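Computation of the quantities below employed the complete heavy-atom set of this structure, encompassing side-chain atoms and omitting hydrogens, waters and symmetry-equivalent molecules. To find a chain, count down the sequence lines: A is the first, B the second, and so on, and within it residues start at 1. As the structure is a computational prediction, the values presented were derived from the model and not from experiment.
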Number of protein chains: 2
Amino acid sequence: MMDTVKSDAPSGAQSIHRTAAVLRALAAHAGPGMRLSDVMTMTGLQRPTAHRMLQALILEGLARQDAETKRYRLGPALFELGLAAAPRFDIRGICGPSLDRLAAATEDTAFLTVRSGYDSVCLDRREGSYPIRVLTVEIGGRRPLGTTAGSLALLCDLDARECEEVIAFNAARLTEYARLKADGLRALAERGRTLGYALNDNDFTPGITGLGVSLPPAPGRQPIALSVVALSGRLAEPRRSKIVAMLKTEARKIAAEFGGGATP
Amino acid sequence: MMDTVKSDAPSGAQSIHRTAAVLRALAAHAGPGMRLSDVMTMTGLQRPTAHRMLQALILEGLARQDAETKRYRLGPALFELGLAAAPRFDIRGICGPSLDRLAAATEDTAFLTVRSGYDSVCLDRREGSYPIRVLTVEIGGRRPLGTTAGSLALLCDLDARECEEVIAFNAARLTEYARLKADGLRALAERGRTLGYALNDNDFTPGITGLGVSLPPAPGRQPIALSVVALSGRLAEPRRSKIVAMLKTEARKIAAEFGGGATP
DNA sequence: ACTTAATAGTCCATAATGTGGACTTTGGAG
DNA sequence: CTCCAAAGTCCACATTATGGACTATTAAGT
């Protein structure tokens with residue numbers, strides 16, 4: 001079984017792990033939706049199992065099925081539950097001003113990214129004024145950790161053991177989101193650690209590059225990163241260093257905000 | 001087993017129904033969090049089952065436990081999944097202007113509510129300028145259908161069979177949210193249907209009253225209601241009729257908006 | 001229009017998963 | 001220090017969920 005479900009001891013909780021895996025898969029393909037066979041391959045579940053779980057999720061409003069295309073998507077109940085969770089986890093208010101400044105100053109696209117297990121999630125984004133806009137990830141979009149500039153910055157912060165665990169877990173699905181195999185990603189992470197910022201130039205979408213910086217990890221707070229993505233030509237030196245400096249300044253400002261108010 | 005899990009045939013999906021019930025319970029007590037025993041009574045699960053499920057949810061980031069108080073809450077993964085679902089289900093953008101107008105004109109609190117299974121969920125709210133603010137439900141707050149003005153308007157729209165099913169299901173937990181028993185709620189729903197709007201004067205919080213109006217139900221779109229809540233004295237005739245008229249006008253405007261753009 | 005291929009959906013005997021009665025641990029109040 | 005309530009744990013057992021094999025449906029090819 002090609003297991004996309006967490007490998008850790010799911011003692012008496014297989015079904016919850018599988019359910020969560022299905023929901024994550026649906027979230028990762030929010031746009032077009034997923035066919036049953038997509039869900040099967042993404043989660044490693046058998047056909048009847050995936051089907052039965054999806055039907056149950058639909059009954060609970062956690063998923064939906066397009067009657068015409070048969071494709072599955074996230075359901076309204078998930079949005080509603082998210083709303084209840086938002087007061088504790090929605091940091092867009094705190095980080096918004098930084099994104100505004102980054103997008104305004106660079107004229108390119110600025111992203112706010114957090115870690116979520118083996119994935120990263122884009123929480124917010126701002127478009128700059130430059131006429132060619134690079135919009136690689138939607139708000140709410142999930143990616144394997146490391147396949148996006150912000151995401152890569154988060155991966156660089158992990159210790160060797162954890163980093164390897166993430167890469168190993170994501171190995172199979174890397175190519176869906178990046179022109180990378182496990183060693184390529186390992187190399188990117190290594191370079192990021194020496195540079196002090198994440199430089200994502202794997203050209204999955206050729207001609208664009210991303211710069212990512214993470215907030216200094218704080219206990220109890222989930223890992224957060226800021227990034228700017230643009231046409232590669234616009235991120236050559238000396239502009240690159242300037243943008244990295246701005247990212248670091250904004251990251252420090254946000255970290256300071258968290259120092260005051262509590263964020264579980 | 002006092003079953004707070006959906007009664008419909010959960011064929012091969014008990015665990016998903018139970019999981020969803022736990023998540024809904026956590027969402028309904030988002031503020032203070034829930035103790036393990038609260039989860040047990042709210043869901044009808046045994047202690048070891050509830051505990052094991054919560055631990056699994058925590059592993060997936062769908063729940064959290066306060067290390068000090070041991071209380072359980074919704075986790076960050078739920079906010080992240082909600083973000084991915086938001087583009088399809090977040091109607092706050094469409095309804096915001098109506099809430100603004102209602103809050104401004106009445107000077108009281110305006111709510112946007114949708115149905116979610118046997119519950120209603122508050123999606124948005126606006127405070128008016130009157131110095132005494134009535135804030136009965138938070139954004140994201142869940143209530144048994146009928147225990148809130150908007151919620152009651154939604155209940156009134158259901159056909160007899162469905163209405164009775166909802167009331168029967170919620171009977172046990174009504175008193176937690178309203179000074180009502182099943183027949184009391186039946187009567188409120190009945191009155192709402194004859195009046196043409198929901199009038200919530202069960203005084204769970206004494207001295208306040210709510211007026212609710214639902215959008216004409218449309219196929220494929222989930223049920224939506226608008227409501228205004230205020231000190232009872234401020235909702236006597238002739239003001240009451242004026243506010244009801246405003247609610248109906250805004251409901252019509254929103255319904256018209258939906259006519260144009262699609263809403264799954 | 002007919003054949004083939006691919007995907008969705010269903011059935012049911014089987015065993016692995018999750019269950020819950022009973023027990024232990026923790027922590028707070030008197 | 002003792003008592004009580006709540007959290008957390010263990011493990012024999014049977015209910016639940018599993019998946020191999022089958023059917024139904026839809027799309028594509030000639």
Side-chain angles (χ1 to χ4, degrees), chain A residues 1-23 25-26 29 32-60 62-75 176, chain B residues 1-23 25-26 29 32-60 62-75 176:
Chain A
M1 173 164 115
M2 134 2 180
D3 197 4
T4 305
V5 181
K6 227 168 215 163
S7 40
D8 293 23
S11 156
Q14 186 198 62
S15 60
I16 287 182
H17 292 271
R18 288 181 164 188
T19 302
V22 170
L23 293 177
L26 291 176
H29 300 252
M34 296 179 89
R35 293 175 308 178
L36 179 58
S37 27
D38 298 332
V39 176
M40 289 170 57
T41 54
M42 284 275 305
T43 58
L45 297 169
Q46 295 300 120
R47 180 186 305 281
T49 303
H51 184 259
R52 180 168 28 78
M53 290 181 66
L54 285 165
Q55 292 307 318
L57 290 172
I58 288 170
L59 220 83
E60 299 292 347
L62 294 167
R64 293 220 142 177
Q65 184 173 27
D66 186 319
E68 203 181 342
T69 66
K70 304 278 184 184
R71 279 166 185 265
Y72 296 93
R73 295 200 160 78
L74 295 179
E176 191 183 348
Chain B
M1 174 163 113
M2 135 0 182
D3 196 5
T4 304
V5 181
K6 228 168 215 163
S7 40
D8 292 25
S11 157
Q14 187 198 63
S15 60
I16 286 183
H17 292 270
R18 289 181 164 188
T19 302
V22 170
L23 293 177
L26 291 176
H29 300 252
M34 296 180 89
R35 293 175 309 179
L36 179 58
S37 28
D38 298 332
V39 176
M40 288 168 58
T41 55
M42 283 276 306
T43 58
L45 297 170
Q46 294 301 119
R47 179 187 307 280
T49 304
H51 183 259
R52 180 170 28 79
M53 290 181 67
L54 285 165
Q55 293 306 319
L57 290 172
I58 288 170
L59 221 82
E60 299 293 346
L62 294 168
R64 292 221 142 176
Q65 183 172 26
D66 185 320
E68 204 183 339
T69 65
K70 306 277 184 184
R71 279 167 184 265
Y72 296 94
R73 293 200 162 79
L74 296 178
E176 190 183 348

> Write down the distance between CG (A:Asp66) and P (C:dA8), rounded to a whole number of angstrom.
13 Å
> Whether B:Arg18 contacts C:dT19 is assessed here as follows: a side-chain N or O lying under 4.0 Å from the phosphate OP1 or OP2. Is that the case?
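For B:Arg18, the contact criterion (side-chain N or O under 4.0 Å from OP1 or OP2 of C:dT19) is met.
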> Determine the minimum heavy-atom distance between A:Tyr72 and A:Arg35, stating which atoms define it.
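Heavy atoms only, the tightest pair is CD1-C, 4.4 Å.
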> Between C:dA8 and A:Arg47, counting only base atoms on the nucleotide and side-chain atoms on the residue, is there a donor-acceptor pair under 3.5 Å?
yes
> Taking all non-hydrogen atoms of both residues, which atom of B:Thr49 and which atom of B:Arg18 are closest, and how far apart?
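Where B:Thr49 meets B:Arg18 most closely, the heavy atoms are CG2-NH1, 3.7 Å.
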> Tell me the interatomic distance from B:Gln46, atom CD, to C:dT17, atom P, rounded to whole angstroms.
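To the nearest whole Å, that distance equals 22 Å.
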> Is the shortest side-chain N/O distance from A:Tyr72 to OP1 or OP2 of C:dG9 below 4.0 Å?
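True: A:Tyr72 side-chain N/O within range (under 4.0 Å) of C:dG9 OP1/OP2.
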> Check whether any side-chain nitrogen or oxygen of B:Gln14 sits under 4.0 Å from OP1 or OP2 of C:dT17, and answer yes or no.
no
> Compare all side-chain heavy atoms of A:Leu26 with those of A:Leu54 and state whether any distance is below 4.5 angstrom.
yes
> Is a donor on one side and an acceptor on the other found under 3.5 Å between the side chain of A:Arg73 and the backbone of A:His29?
no
> Which nucleotide wins on minimum distance to the side chain of A:Pro48, given the candidates D:dG20, C:dG21, D:dA6?
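Shortest atom-to-atom distance from the side chain points to D:dG20.
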> Between A:Ser37 and C:dA8, is there a side-chain N or O to OP1/OP2 distance below 4.0 Å?
yes
> Starting the side chain at C-beta, find the nucleotide from D:dG19, C:dG18, C:dA8 nearest to B:Arg52.
C:dG18
> Taking only side-chain nitrogens and oxygens of B:His51, does any of them come within less than 4.0 Å of OP1 or OP2 of D:dG8?
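Affirmative; the distance criterion is met.
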> Without decimals, in angstroms, what is the distance between B:Met53 CE and D:dG8 P?
16 Å
> Looking only at side-chain atoms of B:Gln65, point me to the closest of D:dG8, D:dA6, C:dG9.
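Closest nucleotide among those given: D:dG8.
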> Please give me the minimum heavy-atom distance between A:His17 and B:Ala56, naming the atom from each residue.
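Scanning both residues completely, I find the closest heavy atoms to be NE2-CB, 4.2 Å.
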> Can you measure A:Leu54 atom CG to C:dT7 atom P for me and round it to whole angstrom units?
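Whole-Å distance recorded here is 16 Å.
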> How many Å lie between CG on B:Leu36 and P on C:dG20, as a whole number?
14 Å
> Please figure out whether A:Lys70 or B:Lys70 has its closest DNA chain C nucleotide nearer the 5' end.
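The residue mapped nearer the 5' terminus is A:Lys70.
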> Quick one: A:Arg71 CZ to C:dT7 C1', roughly how many Å, whole number?
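To the nearest whole Å, that distance equals 11 Å.
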> Rounding to an integer number of Å, can you tell me how far A:Met40 CE sits from D:dG20 P?
10 Å
> Does A:Ser15 put a side-chain nitrogen or oxygen below 4.0 Å from OP1 or OP2 of C:dT17?
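Looking at the OP1 and OP2 atoms of C:dT17, neither is under 4.0 Å from any side-chain N or O of A:Ser15.
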> For A:Glu68 and for B:Asp38, locate the closest nucleotide of DNA chain D by heavy-atom distance; then report the residue assigned to the nucleotide nearer the 5' terminus.
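The 5'-side residue here is B:Asp38.
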> Report the distance from atom CD1 of B:Ile58 to atom C1' of D:dG8, rounded to the nearest whole Å.
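Atom-to-atom, B:Ile58 to D:dG8, this comes out as 12 Å.
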